[in-house]
Structure formats: structure tokens, C-alpha cells
Amino acid sequence: MEKFDVVIVGAGPAGSAAGMLLAQAGMNVLMVERGQAPGSKNVSGGLVYSQLAAQIFPEFWNSAPVERAITTHQLAMLSENGSVSLDFRSQHGAQPPYNAFSVLRARFDPWLAKQAEDAGATLITGVTVDSLLVENGRVIGIQAGPDQIGADVVVVAEGTRSLLLKQAGMREDFHPHDVSLGVKEIISLPEKTIEERFQCTPNTGMAYTLVGHTAGIEGGGFLYTNKDSLSLGIVVKIDSLYKSKKQPHQVLDEFKSHPLVTRLVEGGEVVEYSAQTVHRGGFHLMSKLYGEGYVVAGSAARLLLNNIMTLRGMDFAMISAEAAARAVLSAREQGAYTAAALSAYETNLKQTSIYHDWQTFKATYPLLENKRLFEVYPELAFNVMEDLFSATTRPGPKALAAAREEMKGKVSMIDLAKDMYQISRGIAL
Ligand SMILES: Cc1cc2nc3c(=O)[nH]c(=O)nc-3n(C[C@H](O)[C@H](O)[C@H](O)COP(=O)(O)OP(=O)(O)OC[C@H]3O[C@@H](n4cnc5c(N)ncnc54)[C@H](O)[C@@H]3O)c2cc1C
């Protein structure tokens with residue numbers, strides 16, 4: 001059986017980061033990717049938070065195919081007839097070390113994998129790993145079609161579905177409650193139109209987080225500006241979607257019919273459509289990170305943060321891969337890739353900022369399933385704003401009186417107090 005020091009399953013942000021770091025340390029690394037090219041199974045648009053990513057890929061923005069530096073973030077609540085937004089603009093985001101870049105995975109992931117190859121890792125694409133080879137409770141390699149490839153240690157970076165881990169009995173079943181479905185479109189639009197419509201320069205861009213108008217299903221939407229396209233999508237809870245009996249594309253179409261979204265994508269042409277599951281993320285959901293002869297990095301270990309303002313998975317994947325790679329290297333020094341030696345991964349991870357961010361926002365998760373947040377409050381905020389911004393022939397109320405009037409029959413004072421407490425625990429206090 002052919003053998004490598006390390007076999008890595010998956011060439012996403014986690015796999016390529018681990019591959020590069022381990023190859024740089026002189027290990028003989030094989031990366032196996034089922035897509036014909038890295039990123040081809042990951043067609044999503046997304047935001048890469050640059051300061052974290054730059055810890056692994058220093059100043060990546062100088063050579064990586066990034067789309068736009070995001071300098072404007074808008075959080076918009078969508079009601080039936082309009083929207084209420086919070087608009088955040090920062091010039092810091094336009095210069096190094098930046099805050100976030102929009103990227104297209106079909107372009108970005110091959111660049112990540114190339115960094116691993118340049119460091120000496122071998123990448124094979126178009127090959128699916130069918131199973132982990134396990135002997136006496138220890139992972140000793142992988143099976144891909146008829147081929148068995150041995151490894152001192154396997155890095156499982158297979159992404160969100162983590163079927164190999166499930167098949168090997170190395171993770172529990174996921175509860176539908178903890179999984180969402182992301183449905184995305186890439187919509188092409190001329191660069192000039194994007195710059196005029198989103199008030200940005202040739203290199204900067206805008207990101208929207210959109211709450212409401214997802215057919216009553218808990219979740220939200222996003223819109224990111226790329227160079228000459230938009231990434232538009234929704235992320236909705238799978239159990240609610242199932243109960244609604246609606247097809248994912250129907251929910252996306254309904255979302256796109258909102259006046260704000262319609263205006264933002266007007267004149268664009270859908271060039272890609274994809275759907276992918278995404279974990280709700282969360283501190284309480286962390287999977288087993290290591291065992292005899294293996295470590296798990298990135299979203300295969302459910303490492304993801306969604307605090308409403310940001311959805312972070314790629315930087316979590318890279319930073320966790322670095323923590324895992326350091327554990328692998330210290331296990332190499334000890335001469336054995338035992339679970340005890342690889343447990344340093346968890347210790348390393350606990351020292352990272354992502355782990356602390358995760359802990360800080362652990363109370364955000366109940367918010368993501370609070371229906372009133374998606375259905376009632378956007379409408380309420382819109383109606384109160386409409387009262388305040390309008391002059392009509394009847395005398396108008398002050399904000400609090402307008403809110404009280406709007407709340408009648410929709411949300412009780414007790415619910416409101418509970419929700420305020422939940423919001424403040426989740427993202428404020
Ligand atoms: C709709 C949506 C929007 C998102 N938006 C953002 C965002 O804006 N910012 C952000 O940071 N994150 C975002 N995320 C999350 C982010 O995509 C993931 O957290 C991130 O890609 C995880 O990286 P990874 O390397 O762990 O896994 P992945 O990127 O999923 O990579 C896993 C790789 O393994 C390969 N693979 C899987 N199984 C096998 C096998 N058996 N054999 C060989 N290869 C295999 C896959 O083809 C894939 O290339 C979003 C997710 C979704 C669904």
C-alpha cells in the first residue's frame with residue numbers, strides 16, 4: 001500500500017491550510033479532492049474575514065483572486081412593503097489589513113490549494129475518498145475506489161456533511177434542528193452598474209445581511225458584491241423548510257420578490273445556482289476533534305460562527321487547520337499520532353480568537369430560531385418608521401406610542417421583554 005506521512009481529505013480552506021503548513025514543516029502530504037478542481041463543489045460566494053485568514057496566508061490579498069474589499073455592511077429588516085436598515089461604512093476596510101473580501105470559491109479555493117502545492121504537498125482532484133481505513137480503532141489511511149493509501153495521520157477536512165466520519169462511527173447523527181440549508185445564486189451584473197448601484201469604487205464593495213421575507217421560515221438572506229457579479233442567497237432552517245412544504249428555490253424566489261432585493265439585482269442574469277447545507281454552528285455543537293491517527297478541521301467539525309452580523313466559516317476552517325497542524329507536528333516529535341498526542345489540537349484551538357469569539361456569542365443561537373425576529377419585528381419597525389417619516393391628515397403618534405399600537409395582538413409585553421433579554425444576551429451584553 002502506498003503511504004504518505006499525512007493524507008488530507010478535502011481541499012477547501014481547512015484542507016489547503018493544513019496541507020500548506022504540514023508540507024512547509026517537511027511532511028510528505030497528499031491532498032485528495034473530489035471536485036474536478038478545488039472549489040468546484042463549493043460554488044458559493046462568500047466573505048473571507050481577512051485578518052484571520054492573513055495569519056495563515058499573509059497578505060493573501062496581494063496575490064489571491066479576491067473580488068472586492070468590503071467597506072460597507074448593511075443589516076436590513078425586510079417588511080412586506082419596505083425595509084428598515086442599519087448602515088455601517090468604514091474606510092478602514094479599504095486598506096490593509098482590511099476587514100473582509102468577497103470571494104468566489106471556484107476561483108479562491110484553487111489559489112488556496114496552490115499554496116499547499118507550492119509548499120510541496122501533492123494534490124489529486126476528481127477523486128472521492130470512499131472511507132477511512134480503520135484498524136484496531138486507529139485510522140491508518142483512506143480508501144478511494146480500488147486504491148488504498150496509508151498515512152501516519154489523516155486530516156479530515158471534508159466539509160459540512162462529514163459523511164466519512166459518520167460512516168466510520170466517529171460522529172453522532174446531526175439533529176435537523178442544528179442544520180440549515182443555504183441556497184445561492186451568482187448573478188452577473190456589469191462592474192459599472194455594481195459601482196453605481198452600491199456606491200462603491202472599483203475595488204471596494206458592499207455586503208447585506210437581510211432579515212425577514214423568507215416565507216415565514218427562520219433564517220435570513222445575504223447579498224455580496226463581487227467584481228462583476230452578486231452573490232445572493234438565503235440560509236433557512238431545514239426542519240422549518242420541511243414543515244413549510246416549500247421547495248428551496250420557491251423560498252429564494254419569494255425572497256427575491258421583495259422590493260429591496262428586486263431593485264438590488266435588477267438587470268442581472270443568474271449564472272449559477274447551488275444549494276448546500278450549513279451547520280447552525282455554535283459552541284455547544286463542537287464535534288470530536290481528534291482520535292487515534294486523525295484530526296478533524298473546519299466545518300467537518302462544525303466549526304462555524306453565525307452571530308447575525310457575520311457568518312464565519314472560512315476563517316474558522318483555516319485557523320482550526322492551523323491548530324490541528326501544530327498538534328500533528330508535536331505528535332511527530334513524540335513519535336506517535338495517538339489520540340493523547342493529538343489532543344494538543346483542542347488545547348491549541350482554545351487559545352485562538354475564534355474559540356473566544358465562539359464563546360462570546362454562544363447565547364446568539366436562540367435568536368436564530370426566534371420566529372418573531374423574522375416575522376413580527378421587521379413589520380413593526382417598518383410601520384413605526386412609516387409613522388415617523390410621514391405627515392398625514394390625521395395627527396401622528398410619537399415612536400413609543402406607535403410601537404405600542406403596532407404590537408397590539410402581535411406581540412405581548414412579556415414576549416417583548418423576553419426577546420429584548422435574548423437580544424441583549426446574544427449580541428450586546
Ligand atoms: C450559503 C452559505 C454561505 C456561506 N457564507 C459564508 C461566508 O460569507 N463567509 C464564510 O467564512 N463562510 C461562509 N459559509 C461557510 C463556509 O462555506 C464553510 O464554513 C467553509 O467552506 C468550511 O471550509 P472547509 O474547508 O471546512 O470545508 P469545505 O469548504 O466544504 O471544503 C471541503 C472540501 O472537501 C471536499 N470533499 C468532501 N468530501 C470528500 C471526499 N469524500 N473525498 C474527497 N473530497 C471531499 C469537498 O469537495 C470540498 O472541496 C457559508 C456557507 C453556506 C452554505
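Whatever order the structure lists ligands and atoms in, that order sets their numbers, starting from 1.
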Taking all atoms of both residues into account, what is the closest heavy-atom pair of Tyr345 and Ala327, and its distance? N-CB, 3.3 Å
Side chain or backbone, does Met314 bring an N or O within less than 3.5 Å of an N or O on ligand 1? yes
Heavy-atom pair of closest approach, residues Lys371 and Gly216: NZ-O, 2.7 Å
Say whether Lys288 and Tyr294, considering side chains only, have a donor N or O and an acceptor N or O under 3.5 Å apart. yes
Answer yes or no for Gly233: is there a heavy-atom contact with ligand 1 below 4.0 Å? no
Ligand 1 atoms in contact with Ala157 (distance to a heavy atom under 4.0 Å): 32 (C), 33 (C), 34 (O)
So is Leu163 in contact with ligand 1, going by heavy-atom distances below 4.0 Å? no
Students often mix this up, so state it plainly: with edges at 30° and 60°, are the rings of Phe108 and Trp111 parallel, tilted or perpendicular? parallel
Note: ligand 1 atoms sitting under 4.0 Å from heavy atoms of Gly298 are 26 (O)
How does Val127 reach ligand 1, by side chain, by backbone, by both or by neither, if only non-hydrogen atoms under 4.0 Å count? backbone
Check each of Gly182, Ala321, Gly313, Ser320 against atom 10 (C) of ligand 1 and report the one with the nearest heavy atom. Gly313
Under 4.0 Å to a heavy atom of Leu304 - the qualifying atoms of ligand 1, by number: 15 (C), 19 (O)
Does any donor atom in the side chain of Ser131 or Gln167 lie under 3.5 Å from an acceptor atom in the other side chain? no
side-chain contact (heavy atoms from CB on, under 4.5 Å) partner of Leu21, chosen from Val29, Leu329, Ile56: Ile56
For Arg197, is there an ion pair with Glu266 - N to carboxylate O distance below 4.0 angstrom? no
Could you say whether the N/O atoms of Gly46 and ligand 1 ever approach to under 3.5 Å? no
Restricting to non-hydrogen atoms, name the atom on Met314 and the atom on Val103 that form the minimum distance, rounded to 0.1 Å. CE-CG2, 4.1 Å
Which of the numbered atoms in ligand 1 are under 4.0 angstrom from any heavy atom belonging to Lys184? 1 (C)
Out of Leu311, Leu132, Val48, who is nearest to atom 14 (N) of ligand 1 when you count heavy atoms only? Leu311
Do ligand 1 and Pro13 have nitrogen or oxygen atoms that lie under 3.5 Å from each other? yes
Taking every non-hydrogen atom, the tightest pair across Val211 and Leu373: CG1-O, 3.7 Å
Would you mind running through ligand 1 and noting each atom that sits below 4.0 Å from a heavy atom of Thr128? 41 (N), 42 (N)
Mark the output for Pro38 as yes if a heavy-atom distance to ligand 1 is under 4.0 Å, and as no if none is. no
Determine whether the side chains of Asn226 and Ser231 contain a donor N or O and an acceptor N or O closer than 3.5 Å. yes
Which of parallel (below 30°), tilted (30 to 60°) and perpendicular (above 60°) describes Trp358 and Phe316? perpendicular
Under 4.0 Å from a heavy atom of Tyr224: which atoms of ligand 1 are those, numbered in the order shown and with their elements? 8 (O)
Taking the minimum heavy-atom distance to atom 21 (O) of ligand 1, which of Arg312, Arg105, Gln276, Arg302 ranks first? Arg105
Looking at Ala336 and Ala341, what are the two nearest heavy atoms and their distance? O-CB, 3.5 Å
Counting heavy atoms only, which of Val129, Val278, Val32, Ile124 comes nearest to atom 52 (C) of ligand 1? Val278
With heavy-atom distances below 4.0 Å as the criterion, list the atoms of ligand 1 near Leu47. 7 (C), 8 (O), 9 (N), 10 (C), 11 (O)
Any N or O of Glu33 closer than 3.5 Å to N or O of ligand 1: yes
